[in-house]
There are 2 protein chains.
Amino acid sequence: MGIKAELNRQQILETADGLFYRQGYDHTSFTDIADAVGIARGNFYYYFKTKDEILSAVISKRSENARQTLQEWDKEFPDARDRLKRYIQTLTQHKDAIEQYGCPLGSLCTEMAKLQHSQQDDANKLFEIFRNWLVEQFSLLGHKNDAVQLALHLQARTQGVALVTNAYRDQAFLQNEAKDLEDWVDQL
Amino acid sequence: MGIKAELNRQQILETADGLFYRQGYDHTSFTDIADAVGIARGNFYYYFKTKDEILSAVISKRSENARQTLQEWDKEFPDARDRLKRYIQTLTQHKDAIEQYGCPLGSLCTEMAKLQHSQQDDANKLFEIFRNWLVEQFSLLGHKNDAVQLALHLQARTQGVALVTNAYRDQAFLQNEAKDLEDWVDQL
DNA sequence: GTCTATATACGGATAGAC
DNA sequence: GTCTATCCGTATATAGAC
């Protein structure tokens, strides 16, 4: 594959990723993606043979990004408590997008479940990357026995905040809950 | 409208409601509903002229059901604390459905947001029925100043639990969180 | 690598016989 | 009230010229 093809492939992936997030996977057509990228619909199939293939590539890309982000946090914050706080701050960091479109991970998992899509498990594994990392952090803080429970709890809290913020278009609520969660981490 | 028409209309509504919940609104076709009810696709339009009209009727029906349920809880439980616990027990009550399909309200609001659907506000109002009722209960418990905040908090927690339970197919987590929430209500 | 043209299926929606 | 037949738009996907 040439350098130009690789560039276009990446561009298609990024565009598709954004559209899947904002419009949902099922509701996004090839035409939507092609128009946004600026290539012809027909040329599309040179890069991806099926829509599922694009989804697969998008999920892979998101997984890579997730792993890289978590690795960076590991390097940046020596204290597990600070890492957990950084995780929570993702909410405030993306508050505008969350208000409009919810959480990209959570809404994808929800949609895959409804569609009974074959890549439902792949989407959930993306979710698990964060969960496993959270388990690690809680373990480091001495919560050996209930690390999994705490990780799931935090993940559920953030998902709930994202969903409610999106439904009510209420950023103030997001800010309040983010603060509560940071306090909760402090008091662990 | 005759008695037979009214019966069929109700049957279509209930079937559509269930399919919208399990498959999502956008992903459910007239064919799906017609097949499930057992009537011809063409006959469908005798009852509902557009797909949006079915959605509108489904949301209205869900609203009525919600108001009725909350009214029953008000009668059954004189103590606001018991009412809040009953609300939380909805999670365990519907644990099988939540595991498979998530929360019918939350997932509908999420989908309406992605589709930028004209009835997004109507779906959110359904969400608000519960929020306003929760505000009332927290107010009755003496939390005049932070009743809204507490109501949103509880709603977000339940939504987060439903989403995560659905993604991980983990009923044990749902049970744990439901217990934690009941304890939280006790300690208010 | 990129384009146009097109095959094919399915979606919502309508018309009209019965 | 119920059915069949059909219109029309859009979706995925393919073929093949350039």
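Remember, predicted model here, so these are calculated numbers, not experimental data. We name chains A, B, ... by the order of the sequence lines, and we start the count at 1 in each one.
If you measure from atom OH of B:Tyr47 to atom C1' of D:dC3, you get 12 Å, rounded to the nearest angstrom. A:Gln11 has its CD atom 14 Å from the P atom of C:dG1, to the nearest Å. Distance, B:Phe44 CZ to D:dG1 P: 16 Å, rounded to whole Å. Residue A:Ile3 contributes atom CD1, which lies 15 Å from atom C1' of C:dG1 at whole-angstrom precision. Rounded to whole Å, the distance from CG on B:Asp26 to P on D:dT10 is 15 Å. Atom C1' of nucleotide C:dG11 and atom NE2 of A:His27 are separated by 13 Å, given to the nearest angstrom. Atom CZ in A:Phe48 sits about 13 Å away from atom P in C:dT2, given to the nearest Å.
Between B:His117 and B:Tyr25, the gap from one ring centroid to the other is short of 6.0 Å.
Taking the ring axis of A:Tyr168 as reference, the NZ or CZ atom of B:Arg131 stays within 45° of it and closer than 6.0 Å to the ring centre.
Sequence neighbours left out, the pairs with a member in residues 63-116 of chain B that pass ring pair (Phe, Tyr, Trp, His ring centres under 6.0 Å) are B:Tyr21-B:Tyr101, B:Trp73-B:Trp133.
Looking at A:Trp184 and A:Leu150, their side chains come closer than 4.5 Å, going by heavy atoms from C-beta outward.
At the phosphate of C:dT2, neither OP1 nor OP2 sits under 4.0 Å from any side-chain N or O atom of A:Tyr46.
For the side chain to side chain donor-acceptor pair (under 3.5 Å) criterion with A:Arg86, the lone passing option out of A:Gln93, A:Gln137, A:Glu76 is A:Gln93.
Nearest nucleotide to the B:Asn8 side chain, out of D:dT2, D:dA11, D:dC3: D:dT2.
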Polar-atom pairs under 3.5 Å, protein N or O versus N or O of nucleotides 13-17 of chain C: list them with distances, or write none.
{"residue": "C:dA13", "atom": "OP2", "partner": "B:Lys51", "partner atom": "N", "Å": "2.9"}
{"residue": "C:dA13", "atom": "N7", "partner": "B:Tyr45", "partner atom": "OH", "Å": "2.7"}

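Checking side-chain atoms of A:Glu111 against main-chain N and O of A:Asp26 turns up a donor-acceptor pair under 3.5 Å.
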